[in-house]
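Handing you this structure, nothing more for now.
Every chain is numbered from 1 and lettered A, B, ... according to where its sequence line falls, protein lines coming before strand lines.
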Protein chains: 2
Amino acid sequence: MVTMHDVARAAGVSLMTVSNVINDHPHVKQGTRERVLEAIDALNYKVNVAARNLRSGRTGTIGLAVPEIDRPYFGQLAALVIERAAARGFRVAVEQTGASRENELEALAASRIRLYDGLLLSTVGLGPADADLLNVEYPVVLLGERIFDGPVPHVAMPNVEGARSAVEHLISQGASRIAFIGSPESLSEIGASGLRVRGYREAVEGAGLAFDSRLLFRTASFSMPEGARVAGMLINSGVDVDAVFCANDSLAFGVLRRLADSGVRVPDDMLVIGFDDVLEARYSIPSLSTVAPDHVQMATAAVDLLAARIAKAGTAAEPTELVSDYRVVMRESTSV
Amino acid sequence: MVTMHDVARAAGVSLMTVSNVINDHPHVKQGTRERVLEAIDALNYKVNVAARNLRSGRTGTIGLAVPEIDRPYFGQLAALVIERAAARGFRVAVEQTGASRENELEALAASRIRLYDGLLLSTVGLGPADADLLNVEYPVVLLGERIFDGPVPHVAMPNVEGARSAVEHLISQGASRIAFIGSPESLSEIGASGLRVRGYREAVEGAGLAFDSRLLFRTASFSMPEGARVAGMLINSGVDVDAVFCANDSLAFGVLRRLADSGVRVPDDMLVIGFDDVLEARYSIPSLSTVAPDHVQMATAAVDLLAARIAKAGTAAEPTELVSDYRVVMRESTSV
DNA sequence: TTGTATGCGTTATCAG
DNA sequence: CTGATAACGCATACAA
């Protein structure tokens with residue numbers, strides 16, 4: 001392993017001159033610089049990042065903890081985060097928490113945390129009860145969900161508002177028996193799904209319709225298979241339904257598929273709307289109406305907030321909260 | 001920042017004893033161990049990974065360079081890689097190359113490379129001409145494509161064979177005018193797309209059909225928008241086509257969408273088959289027939305190969321090559 | 001403009 | 001079983 005020592009010797013200069021060249025320090029004579037660069041090239045020297053990290057106390061890497069990177073929403077989020085982070089000189093290490101509260105806490109508490117300059121935690125399992133646990137002396141930014149009064153800066157989806165608008169849209173299209181398909185904590189008012197149920201309820205009641213808990217269908221996750229499974233239960237339940245609001249797009253794709261299997265036509269027999277506006281929503285058949293948060297804005301804000309936290313390490317975190325803009329995108333699945 | 005020093009002082013032992021406790025060395029008396037652990041707990045000590053890395057010369061992190069993490073195939077691949085790597089004690093940092101040859105080389109050559117113990121490079125832009133550049137004294141495993149006689153171990157898709165089987169399937173379903181939709185290097189016989197064209201050609205000619213270059217449609221990328229765009233060109237070209245083989249599933253989804261827009265029914269008027277078998281293929285409408293490589297096998301093999309390379313660092317890389325098993329999954333898009 | 005000395009936090013080695 | 005010492009490779013502070 002070739003070190004700065006070797007380069008220095010080869011170039012006939014001191015260790016420090018090599019360091020200065022590498023770090024673009026101003027006071028190096030042109031000739032010296034060139035000699036050093038040549039030596040670096042000749043020896044194929046690469047800086048030892050571990051040593052630099054040890055010296056500087058920084059790693060240049062931020063952690064991104066998401067439930068599952070293979071879900072379109074998180075893949076698309078990760079792409080943006082990686083891009084933004086790169087622009088700020090950070091690499092991104094991705095951790096998968098599998099959407100479990102334990103793993104999210106683990107990601108937060110793990111000793112490995114010191115590997116990263118900061119952590120971007122896309123949480124789904126943590127609730128207000130865990131607020132204390134987030135009180136770590138470590139740069140953390142929450143992404144994607146709101147935690148009531150959390151001590152950590154977070155960038156949130158417009159869960160309640162977006163859901164309300166989505167359901168209002170369904171109602172404006174003539175729906176009156178609207179089902180909600182979402183995740184297990186749907187009924188407990190915390191987490192993304194819970195907040196979206198709240199928006200759903202506000203819209204339903206705001207329109208003078210009855211909030212009927214038999215129209216709430218619980219899923220075990222936010223995935224296509226679960227969407228399909230629960231849509232099957234909905235169909236077999238015999239409950240009268242003319243529209244479905246899904247807690248995310250992946251669920252909606254599963255629902256569309258299951259409805260097609262049963263010969264239920266969308267939008268003719270049933271309206272379907274999702275949440276997230278993943279790329280696929282534009283291309284599904286029928287194309288999927290959905291709530292579109294501003295993904296770029298969210299990723300940018302999250303990385304910027306985290307970078308700021310990292311920069312002024314030691315300072316107490318101000319519990320900044322940013323809620324993304326959104327709009328309801330109307331596509332075929334709700335076009336009457 | 002609390003260090004081992006602090007812990008040692010608090011526990012009334014030496015630095016080394018703390019180190020030995022942390023690393024589960026055998027020769028530490030029970031009582032001492034407990035005292036140290038208590039101190040660690042009380043002070044909330046966490047090991048400094050940078051220092052450990054400097055000492056050990058390893059980082060515990062591998063890099064995964066993919067074109068775009070927001071494409072379903074790569075998201076699903078990354079999920080598996082991260083999982084397998086975690087099982088072997090490695091973290092995974094994801095880099096996006098944007099599918100450009102420059103960025104792939106950059107990922108390979110960057111000084112940052114020393115940040116990782118090894119690199120998993122999912123290449124699309126590199127060709128045989130770049131074989132030399134891969135001759136780095138650094139653990140690298142190529143993923144997803146074959147490079148002729150490359151000096152680096154690689155885990156490859158069954159590009160030629162899979163494509164041949166896909167097209168043979170189309171033919172067995174009665175197709176005779178089969179279009180290929182794939183990426184720009186389609187005609188030059190390198191890269192995933194080129195290899196898939198080869199399989200396409202073998203199947204077509206093997207069935208006694210004419211290989212007609214007017215049936216080859218070039219895309220600028222492997223994305224849904226490109227699939228839709230090129231499908232539009234196909235429709236407007238007036239060329240007589242009764243089936244389409246797409247170089248990947250994302251292109252196929254775009255094609256399905258565009259065909260639907262033009263009232264072309266799948267599979268009644270046109271058969272469509274893809275490549276990759278991403279999760280979405282099972283849920284699209286119509287569901288997508290496709291070539292299914294063994295993703296788990298590929299991810300596992302890639303991580304295992306890389307881990308092996310890392311373990312015996314210094315040794316010359318044996319150019320191991322592993323081609324994934326595959327099968328053609330028949331779904332609605334080719335069910336006559 | 002360049003060089004010297006020092007320490008970042010950890011662990012291998014070897015002595016006690 | 002435990003401890004003293006010396007690196008790992010780099011960059012800061014300061015001296016020349």
**Request:** Please determine if a side-chain N or O atom of A/Asn23 lies less than 4.0 Å away from the OP1 or OP2 oxygen of D/dA11.
**Result:**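 Checking D/dA11 against A/Asn23, a side-chain N or O does come within under 4.0 Å of OP1 or OP2.
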
**Request:** Choose from C/dA12, C/dT10, D/dC10 the nucleotide whose nearest atom is closest to any side-chain atom of B/His25.
**Result:**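 So the side chain of B/His25 is nearest to C/dA12.
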
**Prompt:** Looking for any heavy atom pair under 4.0 Å, which part of the strands does B/Ser56 touch: base, sugar-phosphate only, or nothing?
**Reply:**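 Nothing: the residue B/Ser56, judged by heavy atoms under 4.0 Å, touches no strand.
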
**Prompt:** Does a side-chain N or O from B/Thr17 land closer than 4.0 Å to OP1 or OP2 of D/dG3, or not?
**Reply:**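 Answer is yes, contact under 4.0 Å.
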
**Message:** Taking the minimum atom-to-atom distance to the side chain of B/Met4, which one of D/dC1, D/dC10, C/dT11 wins?
**Reply:**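 That would be C/dT11.
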
**Message:** When you measure only distances, ignoring hydrogens and angles, does the side chain of A/Arg55 come within 3.5 Å of the base of C/dG7 through a donor and an acceptor?
**Reply:**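 Such a pair exists between side chain and base.
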
**Message:** OP1 or OP2 of C/dT2 versus the side-chain N and O atoms of A/Thr32: is any pair under 4.0 Å?
**Reply:**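 Yes, because at least one side-chain N or O of A/Thr32 sits under 4.0 Å from OP1 or OP2 of C/dT2.
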
**Asked** Does the side chain of B/Asn48 get closer than 4.0 angstrom to OP1 or OP2 of C/dC8 through an N or O atom?
**Response**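 So the side chain of B/Asn48 is outside the cut-off, no N or O lying under 4.0 Å from OP1 or OP2 of C/dC8.
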
**Request:** Would you tell me if any nitrogen or oxygen in the side chain of B/Thr3 comes within less than 4.0 Å of OP1 or OP2 on C/dG9?
**Result:**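 Indeed not, no polar side-chain atom of B/Thr3 lies that close.
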
**Asked** In whole angstroms, how far is the P atom of C/dG7 from the CG atom of A/Leu15?
**Response**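 Distance check: A/Leu15 CG to C/dG7 P gives 16 Å.
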
**Prompt:** Touch check for B/Met16, heavy atoms < 4.0 angstrom, all strands: base, sugar-phosphate only, or nothing?
**Reply:**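 B/Met16: base contact, heavy atoms under 4.0 Å.
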
**Salt-bridge criterion met for B/Glu38 and B/Arg35 (N-O under 4.0 Å)** =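 No salt bridge links B/Glu38 with B/Arg35.
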
**Closest to the B/Val28 side chain, choosing from D/dA11, D/dT2, C/dT11** =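 The answer is D/dT2.
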
**Prompt:** Nearest to the side chain of A/Ala51 - D/dG3, D/dC1, D/dG9?
**Reply:**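 From the listed options, D/dG9 comes nearest.
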
**Request:** Nearest whole angstrom, please: distance from the P of D/dA13 to the CG of A/Asn20.
**Result:**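 Distance, rounded to whole Å: 13 Å.
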
**Message:** Output the rounded distance in Å from CG (A/Leu54) to P (C/dT10).
**Reply:**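 For the pair A/Leu54 CG and C/dT10 P, the rounded distance is 9 Å.
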
**Prompt:** Under 3.5 Å, is there a donor-acceptor pair between the A/Asp117 and A/Thr59 side chains?
**Reply:**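 Yes - a donor-acceptor pair under 3.5 Å links their side chains.
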
**Prompt:** Nearest-Å distance, CZ (A/Arg9) to P (C/dG3)?
**Reply:**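 Rounded to the whole Å, the gap is 14 Å.
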
**Request:** May I ask you to check whether B/Lys46 and B/Asn44 show a side-chain donor-acceptor distance below 3.5 Å?
**Result:**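 B/Asn44 and B/Lys46 do have a side-chain donor-acceptor pair below 3.5 Å.
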
**Residues that B/Asp294 engages under salt bridge (Lys or Arg N to Asp or Glu O under 4.0 Å), provided they are two or more places apart** =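 Testing B/Asp294 for salt bridge (Lys or Arg N to Asp or Glu O under 4.0 Å), a comparison that skips the adjacent residues, returns none.
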
**Request:** May I have the distance from B/His5 (atom NE2) to C/dC8 (atom C1'), rounded to whole angstrom?
**Result:**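 Rounded to whole Å, this separation is 12 Å.
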
**Request:** Would you mind reading off the distance between B/Ile22 atom CD1 and C/dT11 atom P, rounded to a whole angstrom?
**Result:**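 These atoms are roughly 6 Å apart.
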
**Message:** With a 4.0 Å cutoff (strictly under), does any side-chain N or O of A/Arg52 reach OP1 or OP2 of D/dA11?
**Reply:**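 Looking at the OP1 and OP2 atoms of D/dA11, one of them is under 4.0 Å from a side-chain N or O of A/Arg52.
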
**Inter-residue atom distance A/Met157.CE - A/Ser324.OG, 0.5 Å rounding** =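 Atom-to-atom, A/Met157:CE and A/Ser324:OG are 7.5 Å apart.
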
